[in-house]
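See below for the structure under consideration.
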Amino acid sequence: MKKLLQVDFDFSGPFGDEMASQMLELAESINHEPGMIWKIWTENQISQLGGGIYLFEDESSAQAYLKMHSARLEKMGISNIRGIIFDVNTRLSQINQAPFMASQ
């Protein structure tokens, strides 16, 4: 069963285009993580938060990524990392045109 991972953390920037430029290499590397289907990058400059929403093939892939990513963020000096893994309610998600449901 596919799993959704939500991660957020305190983040002072960069944001927007500057973040996109500085994080390009990291974004490309994430595509090679085992079991990762996609990621949506999230940011809120006003609240000083960064994070992402990920879809993984299974629970073990999501857990392994969360462990690795949390350690990577801590090495970057980021703290207050929150990660939650969710089951996806397929029936309701299909009603709302969830793009990842077509392949299930």
Side-chain angles (χ1 to χ4, degrees):
M1 173 187 284
K2 291 183 175 47
K3 297 291 182 172
L4 195 75
L5 170 62
Q6 172 186 310
V7 177
D8 68 89
F9 44 85
D10 296 341
F11 187 66
S12 59
F15 296 97
D17 289 339
E18 185 180 355
M19 180 182 183
S21 294
Q22 289 186 20
M23 303 289 183
L24 181 61
E25 191 173 311
L26 176 59
E28 290 171 347
S29 75
I30 291 171
N31 288 331
H32 304 289
E33 292 296 331
M36 204 277 300
I37 299 171
W38 53 250
K39 175 183 180 179
I40 297 173
W41 289 69
T42 58
E43 59 183 81
N44 187 317
Q45 188 169 3
I46 293 169
S47 298
Q48 296 285 281
L49 293 171
I53 307 292
Y54 307 75
L55 185 67
F56 284 90
E57 288 290 342
D58 53 49
E59 174 101 15
S60 62
S61 297
Q63 287 183 2
Y65 183 82
L66 178 58
K67 181 179 178 181
M68 179 280 301
H69 188 48
S70 295
R72 173 174 52 203
L73 290 169
E74 289 170 354
K75 281 181 74 174
M76 296 169 61
I78 294 172
S79 59
N80 202 19
I81 302 160
R82 296 166 295 277
I84 304 171
I85 297 172
F86 294 93
D87 293 327
V88 176
N89 186 306
T90 303
R91 287 181 57 200
L92 293 175
S93 297
Q94 287 173 331
I95 291 168
N96 299 118
Q97 295 84 39
F100 53 87
M101 291 298 140
S103 63
Q104 286 191 349

* With the 4.5 Å side-chain cut-off for hydrophobic clustering, are Ile37 and Ile40 part of the same group? -> yes
* Closest contact, heavy atoms only, Ser79 versus Phe9 -> O-CB, 4.0 Å
* Mind checking the CG-CG spacing from Asn96 to Asn89? Nearest 0.5 Å is all I need. => 10.0 Å
* Is the number of heavy atoms from other residues, nucleotides or ligands under 6.0 Å of Asp17 CG greater than 12? -> no
* To do: Could you please spell out the steps behind the side-chain contact (heavy atoms from CB on, under 4.5 Å) verdict for Phe86 and Leu5?
  => CA-CA 6 Å; Phe86 294 93; Leu5 170 62; over 6 Å; no
* To do: Please check if the side chain of Thr42 supplies one atom and the backbone of Gly50 the other of a donor-acceptor pair under 3.5 Å.
  => no
* To do: List in chain and number order the residues that pass ring pair (Phe, Tyr, Trp, His ring centres under 6.0 Å) with Phe15, two or more places apart in sequence or in another chain; answer none if no residue qualifies.
  => Phe11
* Asked: Between Gln63 and Phe56, is any pair of side-chain heavy atoms under 4.5 Å apart?
  -> no
* Joint cluster assignment, Met36 & Ile84, ILVMFWY side-chain distance < 4.5 Å -> no
* Given side chains that start at C-beta, do those of Ile30 and Trp38 come closer than 4.5 Å, heavy atoms only? -> no
* Structure fact -> The complete set of salt bridge (charged side-chain N to carboxylate O under 4.0 Å, His left out) pairs with one or both residues in residues 35-49, sequence neighbours excluded, reads none
* **For Ser47, side-chain contact (heavy atoms from CB on, under 4.5 Å) partners two or more places apart** => Asn44, Leu49
* Structure fact -> For residues 20-30, the side-chain hydrogen bond (donor to acceptor under 3.5 Å, both in side chains) pairs (sequence neighbours left out) are Glu18-Gln22
* Which value, rounded to the nearest 0.5 Å, describes the distance between Ile53 atom CD1 and Gln6 atom CD? -> 4.5 Å
* Determine the minimum heavy-atom distance between Val88 and Leu55, stating which atoms define it. => CG2-CD1, 4.4 Å
* Between Gly35 and Ser61, what is the shortest heavy-atom contact and its length? -> CA-OG, 3.6 Å
* **side-chain contact (heavy atoms from CB on, under 4.5 Å) between Ile85 and Leu4, worked out** => CA-CA 6 Å; Ile85 297 172; Leu4 195 75; over 6 Å; no
Distance-only check: which donor-acceptor pairs under 3.5 Å involve side-chain atoms of residues 68-78, not counting sequence neighbours?
from, atom 1, to, atom 2, distance (Å)
His69, ND1, Arg72, NE, 3.4
His69, ND1, Arg72, NH2, 2.9
His69, NE2, Tyr54, OH, 3.4
Ser70, OG, Leu66, O, 2.8
Arg72, NH2, Tyr65, OH, 3.1

* **Pairs flagged by salt bridge (charged side-chain N to carboxylate O under 4.0 Å, His left out) wherever residues 53-67 is involved - sequence neighbours left out** => Lys2-Glu57, Lys3-Glu59
* Where do Arg82 and Asp10 land on the side-chain contact (heavy atoms from CB on, under 4.5 Å) test, with the steps shown first? -> CA-CA 9 Å; Arg82 296 166 295 277; Asp10 296 341; 4.2 Å; yes
